[in-house]
Amino acid sequence: MPAEALTADQTPTDTWQWWEARRLRYNLGLAVAGVLAGGLAGLVIWSFRNDLAPIGIPWLAILFQVLLYLAFMAAANLCYLIGAVSEKVLSPRDPQAYRRRMWRLGFGFSVALPFAYPAWLGFVLTMLSRL
């Protein structure tokens, strides 16, 4: 039975199946956002290369950031469960509309969040270059 055909008398398994059916798309979005945000952070660092020349680019720090992003993806996947849990707690009248709305909201926030890092990095490097 397709997830869209579920009715209001869904079981916990139905809710779980709906959310799990979209997890791969969610993770692919996170991966793409991570690569794009990482590239943007690289451009920010490159644009400040003259200011960073005395200290160089610490490759260990870049590796740490990649590992940190993988930890972020793991945390985001734990947060992904909030959708299914909130549906069970709130018992919306229209579960399909609720699911779509919550999925879009969570996906949009999760994909936008990695871009906060290059923005923060640009801000910090701009402030440091003015010293």
Side-chain angles (χ1 to χ4, degrees):
M1 168 169 55
E4 285 73 23
L6 297 175
T7 60
D9 62 350
Q10 80 249 6
T11 65
T13 304
D14 295 332
T15 300
W16 183 254
Q17 287 173 345
W18 190 94
W19 286 94
E20 284 304 303
R22 286 148 184 82
R23 191 182 288 271
L24 178 60
R25 189 178 335 162
Y26 178 79
N27 281 317
L28 289 174
L30 286 177
V32 169
V35 168
L36 292 175
L40 191 55
L43 285 173
V44 168
I45 291 170
W46 183 79
S47 68
F48 285 92
R49 67 190 177 282
N50 293 333
D51 296 328
L52 296 173
I55 60 170
I57 298 176
W59 293 105
L60 190 58
I62 293 171
L63 175 63
F64 176 73
Q65 290 172 9
V66 169
L67 294 174
L68 193 61
Y69 188 72
L70 291 175
F72 163 77
M73 284 186 67
N77 272 276
L78 285 175
C79 292
Y80 185 80
L81 299 174
I82 293 172
V85 171
S86 69
E87 180 182 336
K88 284 296 152 193
V89 170
L90 298 175
S91 298
R93 289 185 195 181
D94 185 356
Q96 290 301 322
Y98 179 82
R99 289 171 181 169
R100 286 189 301 270
R101 187 172 43 251
M102 291 304 292
W103 194 88
R104 284 186 203 124
L105 180 66
F107 181 77
F109 179 76
S110 296
V111 169
L113 191 57
F115 293 95
Y117 174 69
W120 172 82
L121 186 61
F123 174 76
V124 168
L125 291 176
T126 298
M127 292 298 113
L128 288 175
S129 69
R130 293 180 180 177
L131 294 177

| message | Contact between Arg104 and Phe107 at the side-chain level, heavy atoms closer than 4.5 Å - yes or no? | response | no
| request: Could you check if a side-chain atom of Glu87 sits within less than 4.5 angstrom of a side-chain atom of Trp19, using non-hydrogen atoms only? | output: yes
| Does the side-chain contact (heavy atoms from CB on, under 4.5 Å) test come out yes or no for Leu68 and Phe64, once each step is laid out? | CA-CA 6 Å; Leu68 193 61; Phe64 176 73; 4.2 Å; yes
| message | Quick check: closest heavy atoms across Trp18 and Arg100, and the distance to 0.1 Å? | response | CH2-N, 4.0 Å
| Do the side chains of Leu43 and Ile45 join up, straight or via other hydrophobic residues, at under 4.5 Å, putting them in one cluster? | no
| query | According to a 4.5 Å side-chain heavy-atom criterion applied to Ile, Leu, Val, Met, Phe, Trp and Tyr, with indirect links allowed, do Leu70 and Leu63 form part of one hydrophobic cluster? | reply | yes
| query | Below 4.5 Å, heavy atoms only, C-beta onward: do Leu30 and Phe72 meet side chain to side chain? | reply | yes
Could you tabulate the donor-acceptor pairs under 3.5 Å formed by side-chain atoms of residues 108-129, not counting sequence neighbours?
unit_1	atom_1	unit_2	atom_2	d
Ser110	OG	Tyr26	OH	2.8
Ser110	OG	Gly106	O	2.9
Tyr117	OH	Gln65	OE1	3.2
Tyr117	OH	Gln65	NE2	2.6
Thr126	OG1	Gly122	O	2.7
Ser129	OG	Leu125	O	3.3
Ser129	OG	Thr126	O	2.8

| note | Taking every heavy atom of Trp103 against every heavy atom of Arg22, the minimum-distance pair comes out as NE1-CB, 3.4 Å
